[in-house]
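Here's the structure, in structure tokens; my notes come after.
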Amino acid sequence: MAPTLPSGDQASDQDNWDNGRLARKRQLLTEIVLRNRLTALVVDGDTTCRVLEQLLLRSYGVQTQGVDNGRDAVALIASGVKFNLIIIDMILPVLNGLEIRDMGVHCKMLGVTACSGESERQAFLAAGVDVFIEKPLDPEHLVPILRELDGQ
């Protein structure tokens, strides 16, 4: 029998076609327990996006630092701070962050942008990002990357 929903509507048989298997699979894809200390730099000119991306990373136990422009990211990296992951927006104030790979950075780089056209994707990949996704950053994209970095 279908469960009663709070609104009083009955869920249809079609809504329960997989008996919760899809929800469980999604849960498995988005759950992770890190075995190692991971660090990430979030470079995003949009304060809301940067804060949300940092909160998502922290919810998985990743230590984060955030900056709002490419110049500050370059200065932080030049100071010797090492990261396992850099999440970087394509369009940044002050200095475009796509030059970070040219500094000899060898960590995983995830390019995020609200502009998801083929030309943006190609520009990001040509600049050396390892993965390109359209905003918003979500657990389905992030968790596999964290698992890889954690050696899982």
Side-chain angles (χ1 to χ4, degrees), residues 5-7 14-15 17-18 20-152:
L5 301 176
S7 66
Q14 191 173 28
D15 293 335
W17 65 272
D18 73 341
R21 287 187 302 262
L22 185 60
R24 179 65 184 141
K25 183 177 180 182
R26 184 180 177 119
Q27 183 181 15
L28 289 172
L29 287 173
T30 60
E31 288 183 356
I32 185 173
V33 176
L34 296 176
R35 296 181 293 200
N36 300 293
R37 180 181 168 268
L38 297 179
T39 59
L41 173 61
V42 177
V43 187
D44 199 314
D46 183 285
T47 302
T48 302
C49 289
R50 185 176 62 256
V51 168
L52 289 174
E53 290 163 1
Q54 287 184 270
L55 286 172
L56 180 60
L57 286 160
R58 288 177 184 153
S59 74
Y60 290 113
V62 178
Q63 295 180 344
T64 70
Q65 289 189 13
V67 295
D68 65 357
N69 65 71
R71 181 189 62 216
D72 290 348
V74 167
L76 193 57
I77 292 165
S79 75
V81 179
K82 303 288 185 209
F83 298 99
N84 300 103
L85 175 65
I86 296 176
I87 298 175
I88 189 163
D89 191 8
M90 176 178 265
I91 302 168
L92 295 169
V94 184
L95 175 68
N96 188 334
L98 296 180
E99 293 86 17
I100 289 177
R101 186 63 85 190
D102 294 336
M103 296 179 61
V105 173
H106 298 291
C107 70
K108 186 86 161 179
M109 287 184 64
L110 170 61
V112 294
T113 185
C115 307
S116 63
E118 184 61 22
S119 62
E120 288 84 4
R121 187 180 81 76
Q122 290 300 325
F124 247 151
L125 294 173
V129 299
D130 300 297
V131 180
F132 169 84
I133 67 162
E134 183 178 351
K135 287 182 180 182
L137 179 61
D138 58 32
E140 288 80 14
H141 287 96
L142 180 61
V143 168
I145 293 168
L146 294 178
R147 283 191 177 124
E148 175 189 339
L149 292 171
D150 196 41
Q152 296 184 29

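Computation of the quantities below employed the complete heavy-atom set of this structure, encompassing side-chain atoms and omitting hydrogens, waters and symmetry-equivalent molecules.
Nearest heavy-atom pair across Gln65 and Leu76 is OE1-CD2, 3.1 Å. The two residues Ile88 and Phe124 have their closest heavy-atom pair at O-CZ, 3.4 Å. Residues Gln152 and Val33 share a closest heavy-atom pair of NE2-O, 2.9 Å. Taking each heavy atom of Asp130 and Cys107 in turn, the nearest pair found is OD2-O, 3.7 Å. In this structure, Val129 and Leu125 approach most closely via the heavy-atom pair O-CD2, 3.7 Å. Across Ala40 and Leu57, no two heavy atoms sit closer than the pair CB-CD1, 3.8 Å.
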ask   = What's the verdict on side chain to side chain contact (heavy atoms under 4.5 Å, CB included) for His141 and Val131, showing C-alpha distance, side-chain angles and the deciding distance?
value = CA-CA 9 Å; His141 287 96; Val131 180; 5.9 Å; no

task = I would like to know whether Val74 and Arg71 meet side chain to side chain contact (heavy atoms under 4.5 Å, CB included); could you show each step before the answer?
result = CA-CA 5 Å; Val74 167; Arg71 181 189 62 216; 5.8 Å; no

key: Residues Val81, Leu41; criterion side chain to side chain contact (heavy atoms under 4.5 Å, CB included); working and verdict   = CA-CA 10 Å; Val81 179; Leu41 173 61; over 6 Å; no

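The residues Arg121 and Glu118 are annotated as salt-bridged, a charged nitrogen and a carboxylate oxygen being separated by less than 4.0 angstrom. Salt bridge Lys135/Asp89: present, at least one basic N to carboxylate O contact under 4.0 Å.
To the nearest 0.5 angstrom, Arg147 atom CZ is 10.5 Å from Leu142 atom CG. Interatomic distance, CD1 of Ile87 versus CD1 of Ile133, reported as 7.5 Å (0.5 Å rounding). Atom CG of Leu92 is separated from atom CG of Asp44 by 7.0 Å, given to the nearest 0.5 angstrom. The OG1 atom of Thr48 lies 9.0 Å from the CZ atom of Arg50; values are rounded to the nearest 0.5 Å. One distance of note links CG of Asp46 with CD1 of Ile91; it measures 11.5 Å at 0.5 Å rounding. Between Leu85 atom CG and Thr64 atom OG1 the span is 10.5 Å, to the nearest 0.5 Å.
A distance-only check finds a donor-acceptor pair linking the side chain of Asp150 to the backbone of Asn36 [under 3.5 Å]. Put simply, the side chain of Arg37 never gets that close to the backbone of Gln63: no donor and acceptor are under 3.5 Å apart.
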